[in-house]
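The structure appears right after this line, and notes come after that.
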Amino acid sequence: MPTWKEVTAANPAHSENFARKWKMLAAQGKDIHGEARLVDAMVERGSLILDAGCGTGRLGGELVNRGHKVVGVDVDPILISHAEHDFPDGQWVVGDLSEDEIPEGNFDLAVAAGNVMTFLAVDGREAAIRNIYNSLHSDGRFVVGFGEGRGWAFDDFLTLAKEVGFRVDFLFSSWDMKVFKESSTFLVAVLTRPGADLL
């Protein structure tokens with residue numbers, strides 16, 4: 001699976017095409033906020049949320065609209081410019097989850113939707129998960145979703161998350177919380193950075 005940097009290097013128009021796709025879906029009245037509904041239900045109003053791999057701010061911007069403080073980090077400056085334009089009340093930062101320090105810190109929840117994890121370089125996966133883990137406060141949650149066949153087996157991802165220190169609380173097969181089964185082709189994992197009383 002190529003990284004996002006490799007995809008955009010091979011096709012310089014990819015980022016603008018990606019941004020256009022989501023705007024077109026929204027204009028057509030498609031439901032593009034399933035992830036935001038789930039995340040919003042998991043935190044108190046006014047929570048501090050990290051949108052890891054935020055892209056155009058589609059998810060994080062909706063969470064801002066729902067009353068949360070959002071910091072979005074993405075490796076793609078073109079997508080960040082869309083987020084800044086469309087959702088000026090969010091904080092949008094160009095950064096590599098595997099290499100750069102995540103701004104703010106002490107997040108109530110981090111979310112990585114849209115197959116973000118599978119666009120990471122294989123040798124940067126552990127560093128990215130560790131950076132997200134370290135950005136959360138004790139008992140903070142990390143909600144991550146991606147599809148199968150993208151170069152990172154679900155079991156391998158969950159094993160690495162546990163090695164970093166996360167506790168696996170829930171597994172779903174969709175953002176609307178359908179039951180995860182052995183045959184599921186999509187994973188939504190709810191992970192927690194354990195608190196002192198939950199280790």
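Numbers here are sequence positions counted from 1.
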Donor-acceptor check, side chain of [X] to backbone of [Y], threshold 3.5 angstrom: yes or no?
X: W92; Y: C54; value: no
X: N131; Y: L97; value: yes
X: S173; Y: V179; value: yes

Would D156 and R125 count as a salt bridge (Lys or Arg N to Asp or Glu O under 4.0 Å) if you check the C-alpha gap in whole Å, the side-chain angles of each, and the deciding distance to 0.1 Å?
CA-CA 11 Å; D156 293 342; R125 290 173 174 175; over 6 Å; no
If I take atom [atom1] from residue [X] and atom [atom2] from residue [Y], how far apart are they, to the nearest 0.5 angstrom?
X: L191; Y: L109; atom1: CG; atom2: CG; value: 10.0 Å
X: N17; Y: K21; atom1: CG; atom2: NZ; value: 10.5 Å
X: F146; Y: T185; atom1: CZ; atom2: OG1; value: 12.0 Å
X: D108; Y: H137; atom1: CG; atom2: NE2; value: 3.5 Å
X: I49; Y: H68; atom1: CD1; atom2: NE2; value: 4.5 Å
X: L48; Y: F107; atom1: CG; atom2: CZ; value: 5.0 Å

Only one of E35, H82, H33 passes side chain to side chain donor-acceptor pair (under 3.5 Å) with R58; say which it is.
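With R58 as partner, E35, H82, H33 yield a single side chain to side chain donor-acceptor pair (under 3.5 Å), made by E35.
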Hey, any chance [X] and [Y] share a hydrophobic cluster, counting ILVMFWY side chains that come within less than 4.5 Å of each other, even indirectly?
X: V190; Y: V111; value: yes
X: V144; Y: F180; value: yes
X: Y133; Y: V43; value: no

Counting neighbours of NE2 on H85 that are heavy atoms of other residues, nucleotides or ligands and sit closer than 6.0 Å, is the number greater than 12?
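No.
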Around atom CG of N11, are there more than 12 heavy atoms from other residues, nucleotides or ligands closer than 6.0 Å?
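Yes, enclosed.
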Can you see which heavy atom on [X] is nearest to which on [Y], and at what distance?
X: P103; Y: V93; answer: CG-CG2, 3.9 Å
X: P194; Y: G165; answer: CD-O, 3.3 Å
X: L63; Y: A36; answer: CD2-O, 3.6 Å
X: N115; Y: G147; answer: OD1-N, 2.8 Å

Using the side-chain hydrogen bond (donor to acceptor under 3.5 Å, both in side chains) criterion, which residues pair with S184? Sequence neighbours excluded.
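S184 satisfies side-chain hydrogen bond (donor to acceptor under 3.5 Å, both in side chains) with no other residue.
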Are side-chain heavy atoms of [X] and [Y] found at a separation under 4.5 Å?
X: R66; Y: R37; answer: yes
X: R45; Y: D40; answer: yes
X: I132; Y: M117; answer: yes
X: I102; Y: L50; answer: yes

Could you check E16 against R20 for salt bridge (Lys or Arg N to Asp or Glu O under 4.0 Å), going step by step and ending with a plain yes or no?
CA-CA 6 Å; E16 289 294 351; R20 191 177 307 112; 5.1 Å; no
Can you tell which of F170, F166, F157 makes a ring pair (Phe, Tyr, Trp, His ring centres under 6.0 Å) with F142?
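So the option named by the test is F166.
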Residues that D176 engages under salt bridge (charged side-chain N to carboxylate O under 4.0 Å, His left out), provided they are two or more places apart
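Expected list: K178.
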Is there a ring-ring contact (aromatic ring centres under 6.0 Å, His included) between F172 and F186 once you walk through the steps?
CA-CA 8 Å; F172 305 112; F186 196 85; over 10 Å; no
Hydrophobic clusters join Ile, Leu, Val, Met, Phe, Trp and Tyr when side-chain heavy atoms are under 4.5 Å apart, directly or via other members; which others share one with L79?
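M1, W4, V7, F18, W22, L25, I32, V75, F119, listed by chain and number.
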